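Remarks on the structure that follows.
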Amino acid sequence: MTQEELFKKLIAHSKEYGFIFPSSEIYDGLSAVYDYGQLGVELKNNIKKYWWDSMVKLHDNIVGIDAAIFMHPKTWEASGHVGAFNDPLIDNKDSKKRYRADVLIEEWMAAQDNKIDKEVEKARKRFADSFNEEQFRTTSPRVLEIAEKRDTVHKRFVAALTASDLEELRQIILDCEIVCPISGTRNWTEVRQFNLMFETKMGAAADATNTIYLRPETAQGIFVNFLNVQKTGRMKIPFGIAQIGKAFRNEIVARQFIFRMREFEQMEMQFFVRPGEEMQWYEKWKATRMSWHRALGFGDGNYRFHDHDKLAHYANAAADVEYNFPFGFKEVEGIHSRTDFDLGNHQKFSGKKIQYFDPETGESYVPYVVETSIGVDRTVLQVLSASYAEEQLEGGDTRVVMRFPAPIAPVKAAVLPLVKKDGLPEVAKEIIDMLKFEHVTQYDEKDSIGKRYRRQDAIGTPICITVDHQTVEDKTVTIRHRDSMAQERVAISELPAILDKLVSMKQLFAKLV
RNA sequence: GCGGAAGUAGCUCAGUUGGUAGAGCAUUAGCCUUCCAAGCUAAGGGUCGCGAGUUCGAACCUCGUCUUCCGCUCCA
């Protein structure tokens, strides 16, 4: 099975068993938006709990918050999102198609290079053995003319981009006689800045001054609450603030199932440190976060760091944790040393002093920040793709099994009466009642026992508890394990302890470094 | 956005030269009572992605459009 086939099967499986559905499917779906189904939400919640507890419960110097999605518009000026993440877009009035103005110009420049190459190839054929490419490129009037025009445009283009001169960008497109690939016309609109942030209006007077944005990252909700949390929680540096929440980015192209969505969920922790100590915390959090991923047991070789050469506007060091998805190694988490960029800018834009008095050094300073930012949906996809397996069984049978790490499996145990009479269903339901306050359970009495085991395999239930005639006599049941398919006989009274041992989140925490 | 592929039942897919929409699995209700999916009976479920056009007649031909996947591109 190729990776591409695996990915397609995974998407089909996710829909078939109620993990993930295309959004608004009865209306043909909404591009790059997905809904979590009855099992998907359990899986996602378990992943979030694993992350939250590993941060907030296991660290006495990390606390959580839940900030609003709407934030004061100035937040996004201070964060740099309003300024830095606009793309210049232009529409063709005939085809109604929208293009990035800078990309149109770059493509035109690439086309000029192609023209030159074609001239070179023509000449090479004409002059055969006596052809000197270097000389031709520097002397041919035709080539020189194209190259000069290309270079002139290049200079204007760079200048226009630097100055954010939208008029000039449009003028370049007109001067180069760039046409729309669809309509073939030069009937262009003005160039407009297109922000990757979603906009909406707040309040009754829906004019421009009331424009607010759906947050493009959850981090700013933490930064603007830095003083609130630090003071009310009596936090001492170094300390962290964790948050899980939705964020929104109006990506032009969003692809690959739930890997890149326009509405997505992040789990972020901003760790505030003394200036100058950020690099050691950066290294520490890189290691801590990697061990969190590896504790899931999907194979250490399926993870790697990707250190950024090109840093974002706020960072002085950045690395991605990449997972080996069916479509290659891709980012699931970013660890960034954000310096004092965010708190410093909020201090500047708000006019409020955002500083920490360090009792050890006796100094006040704007803390530095080391951020860990992981995509919930990408982690779900990572878990789904790592867990999906098709197995050949003895006797030629195959089974599809989701080998979820037991602590994050959507359903922890299924309770199955061997037959649906002789009082067995009643006993099974009593067992469900005993377990349901601690664990998500399922009851199933339909079809043969083997078939029911396979159904549970397909949704990744780690444990099946089977009630048979012996159960009525001696209060014991069979436990059937998902991965090994092995069975053992245990007393009903032991079940809570056994489940606690096998499916509790403690199993994962024990593996954390 | 460009290029390629696809869209028919919950899932996987068939559907002949254009002539009343099919299978397997799944689901539901019975029967059977079984520790690793295959027993029996019956039932429900489809505007063939959507919209035009051609035709006496379109799942099938033409055009448009939407959605998904792959490659390129982009990605705070």
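What you see is a predicted model, and the numbers here were worked out from it, not measured in a lab. All chains are named by letter (A, B, ...) in the order of the sequence lines, taking the proteins before the strands, and each is independently numbered beginning at 1.
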Reading nucleotides 29-38 of chain B 5' to 3', which nucleotides get B (base under 4.0 Å from a protein heavy atom), which S (sugar-phosphate only), which -? ---BB-BBBB

Reading nucleotides 40-51 of chain B from 5' to 3' and marking B where a protein heavy atom lies under 4.0 Å of the base, S where only the sugar-phosphate is that close, and - otherwise, the string is ---------B--

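Among the protein residues, F341(A) comes within range of no part of the nucleic acid, since none of its heavy atoms lies under 4.0 Å from any strand. Counting any heavy atom pair closer than 4.0 Å across all strands shown, A32(A) reaches sugar-phosphate atoms only and no base atom.
C48(B) and C2(B): their P atoms are spaced 28 Å apart (whole Å). G7(B) and C60(B) have their C1' atoms separated by 15 Å, with the value rounded to a whole Å. A distance of about 8 Å separates the P atoms of G39(B) and C25(B), rounded to the whole Å. As rounded to the nearest Å, C66(B) and A23(B) have P atoms that lie 35 Å from one another.
Screening residues 419-435 of chain A for salt bridge (charged side-chain N to carboxylate O under 4.0 Å, His left out) gives D433(A)-K436(A) as the qualifying pairs, with residues at least two apart or on separate chains. Applying the salt bridge (charged side-chain N to carboxylate O under 4.0 Å, His left out) definition to pairs two or more places apart or across chains, those involving residues 466-479 of chain A are D468(A)-R489(A). Within the structure, side-chain hydrogen bond (donor to acceptor under 3.5 Å, both in side chains) contacts touching residues 33-43 of chain A (residues at least two apart or in different chains) are Y36(A)-D377(A).
Annotation: side chain to side chain donor-acceptor pair (under 3.5 Å) contacts of W108(A) (sequence neighbours excluded): none. Partners of N316(A) under the side chain to side chain donor-acceptor pair (under 3.5 Å) rule, at least two apart in sequence or in another chain, are E278(A), S337(A). A search for salt bridge (charged side-chain N to carboxylate O under 4.0 Å, His left out) contacts involving E25(A) returns K15(A), not counting sequence neighbours. Scanning for side chain to side chain contact (heavy atoms under 4.5 Å, CB included) contacts around A406(A) gives P462(A), V503(A), with sequence neighbours left out. Under the rule for a ring pair (Phe, Tyr, Trp, His ring centres under 6.0 Å), F223(A) has no partner lying at least two apart in sequence or in another chain.
The separation between R262(A) atom CZ and U67(B) atom C1' is 12 Å, rounded to whole Å. Taking atom NZ on K15(A) and atom P on A26(B), their separation rounds to 18 Å, with Å as the unit. For the pair Q256(A) CD and U73(B) C1', the computed distance is 12 Å after rounding to whole Å. When rounded to the nearest whole Å, the span between CZ of F223(A) and P of A76(B) equals 16 Å. Whole-Å rounding puts the H13(A) NE2 to U68(B) P distance at 22 Å.
Of the residues in residues 324-332 of chain A, not one comes within less than 4.0 Å of RNA chain B through any heavy atom.
Cation-pi contact between K286(A) and F305(A): present, with separation from the ring centre below 6.0 Å and deviation from the ring axis of at most 45°.
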Determine all donor-acceptor pairs shorter than 3.5 Å in which one atom belongs to a side chain in residues 322-332 of chain A; sequence neighbours excluded.
| from | atom 1 | to | atom 2 | distance (Å) |
| --- | --- | --- | --- | --- |
| E322(A) | OE1 | R304(A) | NE | 2.8 |
| E322(A) | OE1 | R304(A) | NH2 | 3.1 |
| N324(A) | ND2 | N302(A) | OD1 | 3.3 |

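Y453(A) and T466(A) share a donor-acceptor pair across their side chains, judged by distance under 3.5 Å alone.
Residue whose closest nucleotide on RNA chain B sits further toward the 5' end, between K8(A) and E25(A): E25(A).
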